[in-house]
Amino acid sequence: GYTYSSLIHGLCKDERFDEAVVVFDRMLARGSRPDAAVFNTMANGLIMGGRFKDAVAVVKRMVELGYKPDVVTYSVIIAGSCKKGRVKEAYRLFQTMLGSDCPPNLITFNSMMWGLARLGRVAECEAMLALMRKNRLRPDQYTYNNMMLALVKTRQPDKAKMVFQAALGEHLWPDVQMYTTLIKGYSRAGRLDEALFVFEDMKRRCTPNVRAYNLLLQGLCANPSTFNEALRLFDDMIRLGCWPN
RNA sequence: GUAUUGGA
C-alpha cells in the first residue's frame, strides 16, 4: 500500500498519469488488497491531470470492491468538483457528510469554502465558518484566505483586511497567500497605497514571492505617477534575490 | 504513503 501510493503519487506529480493508471490497474488485477489511501492517491492524481471523470470512476471502483470512502476521498472529490466549477455538486456531497459517520474535517471544509469563495459567495462562506466552529474545528490560514478571497472577489478589501486581522487575533501566522490575497484586493480596488502598506508588513513576516511583486508592479505601472515607484520596487526585488519571471 | 488557499 505504501509502495503503491508513493509510486502513483510520484508518477502523477511528474504528470505521468497514464503510467500511474497502469500501475494502479495492475495492482488491482493482481488482486492486491490496497487500503483506501491508494485509491485516494489515484483519484487525486487524476484530478491533478484534469481527469475528474476518471477520478470519480476510481471512487466507484473503490466502492464496488467493498471499500468505504474516507474523509480524504470525499475531500478529494469535493475539491476536484470545485476546481471544475461544479460547486453545487460539491456542496451536495458535502452535505451528505454532515451528521454521517464520516464528517467533514478542516480540509474538507476548506475545500468546500474555496469553491464558494471563488464564486464570491460571501454569505455562504460565513455560514461555513460558523459551521466549522460549531463542529469544533479551528479555522486555519486556508480558511481565512478563503474568506478573504470571497471578499476580494466582491470588492470589499477592507473587510478582507478585517478577516486578516481576525486571523492574527487567533494567533495564526499570516502566510504568503493571505498577504497576496489582501494585496490583490487593494490593488484591484486601485488602492495602491494600502497595497504597498500591506506589502511592507509582508516583508517583515514572510518572504514575498514573484507573484506578490508582480501584483504590485502591475498596479504601480498602471498609473504614470507611480511608475518610478515601480522601478524602485523592481530593484528591490532583484536585490532581495527574487527572480523576475 | 494520499486531500484544501494566490487566475482580470
Side-chain angles (χ1 to χ4, degrees), chain A residues 1-13 20 23-24 27 34-48 52 55 58-59 62 67 69-83 85 87 90 93-94 97 102 104-120 125 128-129 132 137 139-155 157 160 163-164 167 172 174-190 195 198-199 202 206 208-216 218-219 222 245:
Chain A
Y2 281 62
T3 314
Y4 281 115
S5 13
S6 304
L7 188 53
I8 291 167
H9 187 243
L11 287 168
C12 290
K13 249 196 342 203
V23 170
F24 179 75
M27 174 195 73
D35 61 16
V38 181
F39 290 90
N40 295 342
T41 306
M42 187 70 260
N44 189 53
L46 289 165
I47 284 169
M48 286 169 46
F52 181 73
V58 166
V59 176
M62 180 182 183
Y67 292 86
D70 63 13
V71 67
V72 176
T73 320
Y74 281 98
S75 301
V76 164
I77 297 299
I78 286 169
S81 304
C82 288
K83 282 177 191 154
V87 179
L93 186 57
F94 178 83
M97 297 177 78
C102 182
N105 65 13
L106 177 61
I107 296 180
T108 325
F109 267 98
N110 286 344
S111 306
M112 187 65 248
M113 208 171 154
W114 180 80
L116 294 166
R118 220 173 52 137
L119 300 178
C125 284
M128 280 281 147
L129 197 57
M132 284 173 80
L137 294 170
D140 66 0
Q141 286 95 336
Y142 285 77
T143 319
Y144 285 109
N145 189 56
N146 287 337
M147 193 69 241
M148 289 168 60
L149 274 177
L151 292 164
V152 162
K153 182 126 291 184
T154 53
R155 321 242 157 192
V163 170
F164 184 92
L172 289 171
D175 64 11
V176 184
Q177 283 87 346
M178 286 172 63
Y179 274 114
T180 311
T181 301
L182 197 50
I183 290 169
K184 189 184 182 71
Y186 279 124
S187 57
R188 115 177 334 177
V198 173
F199 184 73
M202 181 183 194
C206 50
N209 55 16
V210 210
R211 222 157 158 158
Y213 278 106
N214 286 348
L215 255 170
L216 279 172
Q218 193 179 342
N245 60 15

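The analysis underlying the following values was restricted to heavy atoms, covering all of them including side chains, and did not include hydrogens, waters or symmetry mates. If you're wondering where the values come from, they're calculated on a predicted model, not measured in any experiment. Sequence lines set the chain letters: A, B, ... in the order given, protein chains first and strands last, and positions in each chain run from 1.
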Separation of atom CE in Met48(A) from atom C1' in A3(B), rounded to whole Å | 11 Å
Of the nucleotides U4(B), G6(B), U5(B), which has the atom closest to the Arg211(A) side chain?
-> G6(B)
Evaluate the criterion ring pair (Phe, Tyr, Trp, His ring centres under 6.0 Å) for residue pair Phe39(A) and Phe24(A); output intermediate values, then yes/no.
-> CA-CA 9 Å; Phe39(A) 290 90; Phe24(A) 179 75; 5.6 Å; yes
Donor-acceptor under 3.5 Å (Asn146(A) side chain, Ala117(A) main chain) | no
Take the protein atom OH of Tyr142(A) and the nucleotide atom P of G6(B), then report the distance between them rounded to whole Å.
-> 10 Å
Which of these nucleotides, G6(B), G1(B), A3(B), is closest to any side-chain atom of Ile107(A)?
-> A3(B)
Could you tell me whether the side chains of Asp140(A) and Thr143(A) share a donor-acceptor contact shorter than 3.5 Å?
-> yes
Base G1(B) to side chain Ser5(A), donor-acceptor N/O within 3.5 Å cut-off | yes
Atom-to-atom span, CZ of Phe164(A) to C1' of U5(B) - whole angstrom | 14 Å
Min side-chain heavy-atom separation Val23(A)-Met42(A) under 4.5 Å | no
Using a 4.0 Å heavy-atom cut-off across all strands, classify Val76(A) as base, sugar-phosphate, or nothing.
-> sugar-phosphate
If you look at every strand shown and take non-hydrogen atoms under 4.0 Å, does Ala117(A) touch a base, only sugar-phosphate, or nothing?
-> nothing
NA contact type, Lys83(A), heavy-atom cut-off 4.0 Å: base, sugar-phosphate, or nothing?
-> sugar-phosphate
Which whole-number value in Å describes the distance from Arg118(A) CZ to U4(B) P?
-> 14 Å
Distance in angstrom units between Lys13(A) NZ and G1(B) C1', rounded = 11 Å
Which of A8(B), G7(B), U5(B) is nearest the side chain of Arg188(A)? It is A8(B)
Do Met27(A) and Pro34(A) have side-chain heavy atoms sitting under 4.5 Å apart?
-> yes
Nearest-Å distance for atom pair CG/C1', residues Asn146(A) and G6(B) = 11 Å
Between the side-chain atoms of Asn209(A) and the base atoms of G6(B), is any donor-acceptor pair under 3.5 Å?
-> yes
Gap between atom CG of Leu215(A) and atom OG1 of Thr181(A) - 0.5 Å precision = 9.0 Å
Would one find a side-chain N or O of Lys153(A) under 4.0 angstrom from OP1 or OP2 of A8(B)?
-> yes
Check every atom of G1(B), G7(B), A3(B) against the side chain of Trp114(A) and return the nucleotide holding the closest atom.
-> G7(B)
Would you say Lys184(A) reaches G7(B)'s phosphate, i.e. side-chain N/O to OP1/OP2 under 4.0 Å?
-> yes
What's the CE-C1' distance between Met97(A) and A3(B), to the nearest Å?
-> 11 Å
Rounded to the nearest angstrom, tell me the gap between atom CG in Leu46(A) and atom P in U2(B).
-> 16 Å
Out of U4(B), U5(B), G1(B), which nucleotide sits closest to the side chain of Val38(A)?
-> G1(B)
Out of A8(B), U2(B), G1(B), which nucleotide sits closest to the side chain of Asp35(A)?
-> G1(B)
Using a 4.0 Å heavy-atom cut-off across all strands, classify Ser111(A) as base, sugar-phosphate, or nothing.
-> sugar-phosphate
Looking at every strand, decide which applies to Gly1(A) at a 4.0 Å heavy-atom threshold: base, sugar-phosphate, or nothing.
-> base
Using a cut-off of 4.0 Å on non-hydrogen atoms, how would the nucleic acid contact of Leu215(A) be classed: base, sugar-phosphate, or nothing?
-> nothing
